[in-house]
Structures are given as structure tokens and as C-alpha cells.
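Working notes for the structure below.
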Amino acid sequence: MLTGGCQVASHIALTPSARRLMMDIGAVWDDDIARHRDVVLNVYGEILRKSSNTGVSVTRDIPYGAHPRQVLDCFVPDDASNSPVMFFLHGGSFVGGCKRVTDEVYDNVLYWAARQGFVGINVEYRLAPESVWPGGADDFALALEWMQTNVSRYGGNPASVFAMGHSAGGTHLGTYAFDPAAAYFGRGLKGLVLLSPRMRADALPENPFAGSVRSYFGADDALYDARSPATHVGISMLPLMIAISEFENPLLDVYGLELAYRVASARRKAPRFIRLAGHNHISMIAHFNTCEDDLGQEIVAFTRYLM
């Protein structure tokens with residue numbers, strides 16, 4: 001939930017007025033997702049600009065493939081030595097987005113990861129319609145290959161690797177982990193964190209991003225079930241954490257719940273599942289590296305016993 005206390009002296013909490021604004025936006029989130037997204041980024045941007053990121057070095061735009069978008073940023077804590085690795089894949093509805101949507105977001109996620117002791121890797125990937133299903137998973141597989149060869153030079157342990165994806169980024173990781181057609185089966189990963197992921201391809205009237213789904217998954221709706229990560233979760237035992245926000249883009253909360261149910265049914269044990277009260281689809285990511293750390297500490301707890 002949105003809290004006012006701070007666990008990190010160099011980081012800042014939302015003001016009471018900003019907290020009220022987030023709740024007001026949440027109540028009407030679906031009315032204008034693009035405008036509300038910009039408001040959230042501005043509110044958290046002011047906070048993140050005042051947060052200290054000392055003790056972390058960043059190397060940007062390292063190529064992991066031949067395409068101009070196949071680049072990544074590496075965030076390294078000063079004391080990194082055989083440290084676990086955390087990948088992050090951003091969202092953008094398959095046709096947009098980038099690893100730095102603002103000067104603060106998504107850097108904030110990887111600064112947070114570095115402060116927890118991870119070597120953080122922020123991955124850029126190709127977009128639809130140039131890259132179509134399963135292109136996002138293919139790009140992540142390339143980035144993982146780069147990591148296995150190179151991350152030890154940055155103080156990372158290639159045998160202790162986690163991945164976290166938001167929205168469409170979560171879809172790509174879900175394809176990598178679960179889809180037998182992609183045939184990666186989550187190899188190289190210790191665990192997976194999916195934040196507000198689109199686990200079902202759909203072009204339903206209630207989905208404001210139906211056109212983007214078609215651009216990536218194709219125009220044939222009959223293929224969508226087979227290309228949806230939620231369909232295939234039963235084949236995998238990869239440790240999984242799922243989080244949704246209280247105020248989600250249409251259907252993403254439903255698909256997150258479906259994913260958790262399918263995993264629990266297949267494994268006979270529920271995965272770690274969080275519904276982040278007071279947050280929306282964008283603040284779920286924008287709040288990393290501020291004083292709000294409930295989700296962050298759940299992620300730390302999830303990864304700790306897998307290292």
C-alpha cells in the first residue's frame with residue numbers, strides 16, 4: 001500500500017497531496033490511461049530526482065545483438081563480487097516503450113535492484129510490427145547469452161540469475177519461461193517476477209490496446225490461446241512471483257489472477273502473489289527506489305531463498 005514512512009534516509013515518500021492524487025487517478029484510471037500515465041511519471045519523477053543513487057555505477061547501451069534496439073544497461077553496486085543478477089524488461093504494449101521512458105524511469109528499478117545487492121541489467125528489445133511473437137522472448141534469450149559470457153566482468157554471478165518484467169515485458173518473459181513453441185523453458189533463470197503482465201493475448205473490445213496485441217501476436221485470433229503464456233504455465237516449475245496493482249489496465253488483473261490460479265492448480269501450491277493496494281499500472285514500477293518498499297521487500301524475500 002502507499003505509505004508515508006521511509007526506510008532509506010536518502011529516499012523520499014509521496015506527500016499527502018500526491019498520495020491523494022494517486023488514489024483519485026486510480027478511481028478513473030481507464031478513462032484516460034495515457035494522460036494518467038504521464039501524471040504518475042511526473043509525480044514520481046520529482047521524487048526520484050531527489051533520491052541518491054550513490055554507490056552504483058552504470059554502463060549504458062551495451063550491444064547484445066545486431067539490431068540498434070538490442071542493447072542493455074548494466075547497474076553495478078560498488079561492492080559487487082559474484083553477486084546475483086536481476087534482469088528487467090520494460091512494458092509498452094508491444095509497439096512502444098524503451099528502457100528509459102524518462103530520465104528516472106526505468107533506471108529507478110535497476111538502482112533499487114543494485115541497492116539490494118544485485119547486478120541489474122535493463123534490457124531494450126525490438127518492437128512490433130518489426131518484431132512479432134515470439135520476438136520479445138528471442139531478444140531476452142540473446143541478452144541472457146550476453147550475460148552468461150560477460151556479467152562476471154561486472155561482478156555478477158551467471159549461475160544466480162533472476163528476471164523481472166512489467167506489462168508487455170512480463171509477457172515476453174512468460175513466453176521465455178513457459179511457451180513450448182518458443183522452446184526456451186526458462187533456462188538460465190533461478191526465478192521469475194511478473195509485474196502486471198499481459199498473460200493472455202486478446203483483441204477484445206474492452207482492451208484499449210487490442211491493436212497493439214494484433215501487431216505483435218498476429219491478426220488471427222484463433223492463435224491467441226496457443227500464444228498466451230498463461231496457457232502453458234503447467235509445464236514449468238520455475239519459481240514464480242506475480243504482482244498486480246489495485247488500479248490496472250483493463251483485464252491485466254484478471255489475467256494475473258488466472259495465471260496464479262493455473263500455477264497453483266498445476267503445482268498444487270500457490271505462487272507468491274501480491275495485489276498492490278493504492279497503486280496503478282504505472283506507479284507499480286515508478287515507485288521503486290523511493291520510500292515505498294513493500295513490493296520491493298516481497299521481491300527480495302522471494303529471491304533470497306533461491307540464491
Side-chain angles (χ1 to χ4, degrees), residues 1-3 26 84-89 91 109 112-113 116 118 137 140 160-182 184-202 224-285 287-288 292-307:
M1 62 183 297
L2 300 179
T3 58
V85 178
M86 177 67 79
F87 279 92
F88 178 74
L89 266 68
V109 179
W112 170 85
Q116 313 310 311
F118 294 94
F140 175 69
S160 184
V161 181
F162 301 85
M164 176 164 56
H166 176 241
S167 198
T171 308
H172 299 322
L173 291 178
T175 299
Y176 180 84
F178 309 129
D179 196 324
Y184 295 113
F185 301 109
R187 64 174 177 255
L189 297 180
K190 289 277 192 179
L192 186 62
V193 179
L194 300 179
L195 307 178
S196 299
R198 176 170 290 282
M199 291 288 99
R200 286 225 160 265
D202 79 79
Y224 287 177
D225 184 64
R227 293 181 174 181
S228 295
T231 300
H232 308 290
V233 293
I235 70 173
S236 173
M237 293 300 291
L238 181 68
L240 176 65
M241 173 178 166
I242 305 160
I244 60 174
S245 63
E246 180 176 359
F247 307 115
E248 274 294 356
N249 291 0
L251 299 175
L252 294 192
D253 50 349
V254 176
Y255 297 153
L257 285 164
E258 180 197 4
L259 182 70
Y261 172 77
R262 284 177 172 265
V263 170
S265 295
R267 301 180 185 181
R268 314 313 296 169
K269 182 178 181 181
R272 186 180 291 260
F273 181 86
I274 307 297
R275 181 178 180 269
L276 202 58
H279 277 281
N280 56 62
H281 186 69
I282 300 302
S283 70
M284 168 176 275
I285 289 297
H287 83 280
F288 277 93
E292 302 169 49
D293 206 26
D294 292 347
L295 177 59
Q297 290 310 302
E298 289 284 352
I299 294 170
V300 169
F302 167 71
T303 59
R304 183 176 292 128
Y305 83 97
L306 298 170
M307 294 178 186

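Here the structure is a predicted model, which means the values were calculated and not measured. The figures that follow rest on heavy atoms only: side chains count, while hydrogens, waters and symmetry mates do not.
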Nearest heavy-atom pair of [X] and [Y]: which atoms, and what distance?
| X | Y | answer |
| --- | --- | --- |
| Leu194 | Gly170 | CD2-O, 3.6 Å |
| Ile244 | Gly256 | CG2-CA, 4.1 Å |
| Leu252 | Ser167 | CD1-OG, 4.4 Å |
| Met164 | Phe288 | SD-CZ, 4.5 Å |
| Phe140 | Leu189 | CZ-CD2, 4.0 Å |
| Leu295 | Ala243 | CD1-CB, 4.0 Å |

Is it the case that the side chain of [X] and the backbone of [Y] share a donor-acceptor pair, with hydrogens and angles ignored and the cut-off at 3.5 Å?
| X | Y | answer |
| --- | --- | --- |
| Glu248 | Ser245 | yes |
| Arg267 | Ser236 | yes |
| Glu298 | Asp294 | no |
| His232 | Ala177 | no |
| Ser196 | His281 | no |

Is [Y] close to [X] at the side-chain level, that is, under 4.5 Å between some pair of heavy atoms?
| X | Y | answer |
| --- | --- | --- |
| Trp112 | Val300 | yes |
| Leu259 | Arg200 | no |
| Val263 | Phe273 | no |
| Ile235 | Pro180 | yes |
| Pro229 | Tyr176 | no |

Rounded to the nearest 0.5 Å, what separates atom [atom1] in [X] from atom [atom2] in [Y]?
| X | Y | atom1 | atom2 | answer |
| --- | --- | --- | --- | --- |
| Arg275 | Glu246 | CZ | CD | 4.5 Å |
| Asp179 | Tyr184 | CG | OH | 11.0 Å |
| Met86 | Ile299 | CE | CD1 | 6.5 Å |
| Phe118 | Phe162 | CZ | CZ | 6.0 Å |
| Asn249 | Asn280 | CG | CG | 8.5 Å |
| Leu192 | Phe87 | CG | CZ | 12.5 Å |

Exercise for the section: Answer yes if the side chains of Ser283 and His287 hold a donor-acceptor pair under 3.5 Å, and no otherwise. Expected result: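 No - no donor-acceptor pair under 3.5 Å links their side chains.
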Exercise for the section: Would you tell me whether Arg198 and Ser228 have side-chain atoms, one donor and one acceptor, within less than 3.5 Å of each other? Expected result: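 Side chains of Arg198 and Ser228: no pair found under 3.5 Å.
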Exercise for the section: For atom OH of Tyr224, decide whether the heavy atoms of other residues, nucleotides or ligands shown that lie under 6.0 angstrom number more than 12. Expected result: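 Yes, OH of Tyr224 has more than 12 neighbouring heavy atoms, counting only those of other groups under 6.0 Å.
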